[in-house]
Amino acid sequence: TDKMAATGLKRSFDDSLAQVLEVIKKVEPQFPRLSTDMRHFTQELYSIFAQTCHTLASRDRRLQAKEAELVELRAELAEYEATKKARESDLKQQLEHLQTVEMKLDETVTDTILRDLTSELRNIHTQLDDNTQWQAKLHRVFETNAELREQLEDLNVSREDLSNSVELLKTELTGRIQQVQMLSKGLGKDDSPMYQKLLNEMQQNTMKALAYAQGRRRYLAAGTRSLDEQSKSQPQPPSAPGVAPGGKPSPRFRRTVTLRRPQPKAGLGFMIQGGATPEGREVPVHIVKVYAGEPAHLSGQVFEGDLVLSLNDVPLQGRLHSDIVSMFQSAGDAIVLVLDSSVDVTTPTASDTAIAISTADQEMQDLLHQAEEQVRKQEYDAAQHTYAQALSRDPANPRLHRGKARLMLTIRQPEAALVAVARAIDLEPTTPSGHYIQAMAYRTLHQWTPALAAAKKALLYGPEVEEHDHLVQELQAKVNSESTPKPTSGSNNSMPINPQEAAEMEDESDGEPPLYSPA
């Protein structure tokens, strides 16, 4: 009703205003100045009226909203009052029940009942103590099992190294037999190219076997503990880099090493820890991981546990870890390191090892780079042949298996990719790129649950890579939305992978192995 009245008032005002304007128009020839002033006054009056109508309409809308809110509040108040009455009724009944129970307890509780309750409480405490003891025993059993599993993994690695050494020695034995046969036929001359090639291959196999053996000895000396040390009740504090476990300083050897990146911005094949902290503490910069087949490993002069004293003649002492990382990243394609090591590379065995690694593994590096280049050029058949040739020479190279797995995934053969990457994970279980490739292969097969498990391992070992976190979130959503995995269609097995996914896999492999710890 108010709205209709306001509308009628506005219409009446408009009619009156029109009449006034008509009068002004008639007298304008006789009184032009007065007509102009009256016209301006009429316009201002209309503006004030329109603004007043708008204000009244706004207030009317707010008033209606407040009235609706008041109705809702009254309904809520009525509901609260009803709830309050119901709660008061419940409380009254409970109080009456408690009073009844209290009266019964006052009548029935005796000394006998109290003694029985006390005895029952003692039995409960005894059971709790027994449970605590059993939990402690189970915890010790779990710790022992974990230590046994670590020892079993070390034994498996040792068995793999021994198998590789045996294969190399078998190859050398075959070469020796061929050497004897050539000598018996009068072909064993120093100027014979075939004879010289045979001698070189036998020397490489011998040196590679020595490299496997020495590398394993260093690993066991640096990373394992005896059963007697594990059984001690009080764990020993960790030794500082360059100090033997017994607390006595080990012999140190200082040397200068020059390393070159295989390609711009590529890693050098080792991981570092240490540096100064903002709080003033400092841990010597030392190498915690050396990756097989990379420049540091191929040099034969960089080992786990080595202290890094300077980089390109710049001392690292007193620098923050983040600054040291930036120095390595911007150091250029060739860097010069001054290392303080417990390994003497001037001994005959270490020298032979360095020669073996630098000669035998250089061909593997060339084959690996050749295969990667063929994949970039989409020469997939040639890349498969190159990987097969490289793996026949070095079947224990995890990077070759990962490269082959990426190739199989690129050409839509996820089953073959799973076989190849499983071998790579067996050789290097803590490398995140292997688990990432495994997750991508399972994702191609629409097997979301194993894909999620592999992606979580990739995120565990490589938390600094954003692709790992994105993949985990994507697969987690798939697992939550689908109860059963869907088999992939067999019609696309021969088609190349999506270029974007191939780029993701290439980005994942470019960072392998990392130069430094993300800290």
**Criterion side chain to side chain contact (heavy atoms under 4.5 Å, CB included) on Thr431 and Tyr461, from CA distance to verdict** = CA-CA 7 Å; Thr431 301; Tyr461 297 125; over 6 Å; no
**Prompt:** Got more than 12 heavy atoms from elsewhere within 6.0 Å of NE2, His385?
**Reply:** no
**Item:** Side chains of Met271 and Ile287 in contact at under 4.5 Å (non-hydrogen atoms)
**Value:** no
**Request:** Return the set of residues passing salt bridge (Lys or Arg N to Asp or Glu O under 4.0 Å) with Glu474 (not counting sequence neighbours), or none when no residue passes.
**Result:** Arg443
**Item:** Flag if over 12 foreign heavy atoms under 6.0 Å of CD, Gln317
**Value:** no
**Message:** Tell me if the aromatic rings of Tyr436 and His468 count as close, with their centers under 6.0 Å from one another.
**Reply:** yes
**Prompt:** Should Leu475 and Leu471 count as side-chain neighbours, where that means a heavy-atom distance under 4.5 Å?
**Reply:** yes
**Message:** Is there a side-chain contact between Leu316 and Leu309 in this structure, where contact means two heavy atoms from C-beta onward sitting under 4.5 Å apart?
**Reply:** no
**Message:** Is the shortest side-chain heavy-atom distance between Leu452 and Lys456 below 4.5 Å?
**Reply:** yes
**Item:** NZ or CZ of Lys289 within 45° of Tyr291 ring axis and under 6.0 Å
**Value:** yes
**Request:** Measure across Leu268 and Ile335 and return the closest heavy-atom pair with its distance rounded to 0.1 Å.
**Result:** CD1-CD1, 3.0 Å
**Asked** Is any side-chain heavy atom of Val257 closer than 4.5 Å to a side-chain heavy atom of Val338?
**Response** no
**Message:** Distance check, rounded to the nearest 0.5 Å: Leu400 atom CG versus Leu427 atom CG?
**Reply:** 10.0 Å
**Item:** Gln370-Asp366 side chain donor-acceptor pair, cut-off 3.5 Å
**Value:** no
**Item:** From CA spacing to verdict: side chain to side chain contact (heavy atoms under 4.5 Å, CB included), Gln384, Met408
**Value:** CA-CA 9 Å; Gln384 290 188 63; Met408 294 296 102; 3.5 Å; yes
**Request:** Answer whether the closest heavy-atom distance between the side chains of Phe328 and Leu311 falls below 4.5 Å.
**Result:** yes
**Item:** Whether over 12 other heavy atoms sit under 6.0 Å from Asp313 CG
**Value:** no
**Request:** Look up atom CG in Asn397 and atom CG in Leu368, then write down how far apart they are to the nearest 0.5 Å.
**Result:** 7.0 Å
**Distance, nearest 0.5 Å, that separates CG of Leu259 from CZ of Arg261** = 9.5 Å
**Asked** Looking at side-chain heavy atoms only, is the closest gap between Leu307 and Val285 below 4.5 Å?
**Response** no
**Message:** Between Arg255 and Ser341, do the side chains contain a donor N or O and an acceptor N or O under 3.5 Å apart?
**Reply:** yes
**Request:** For side chain to side chain donor-acceptor pair (under 3.5 Å), just list the numbers for Asn123 and Gln127, CA-CA rounded to whole Å, side-chain angles, deciding distance to a tenth of an Å, and then say yes or no.
**Result:** CA-CA 6 Å; Asn123 292 333; Gln127 293 176 3; over 6 Å; no
**Item:** Qualifying residues under ring-ring contact (aromatic ring centres under 6.0 Å, His included), relative to His401, sequence neighbours excluded
**Value:** none
**Donor + acceptor pair across side chains of Glu282, Thr277 (<3.5 Å)** = no
**Request:** Verify side chain to side chain contact (heavy atoms under 4.5 Å, CB included) between Leu445 and Leu418, making sure each step is shown before the conclusion.
**Result:** CA-CA 10 Å; Leu445 293 172; Leu418 287 174; 3.7 Å; yes
**Request:** Would you indicate whether the side-chain heavy atoms of Val314 and Met327 approach each other to under 4.5 Å?
**Result:** yes
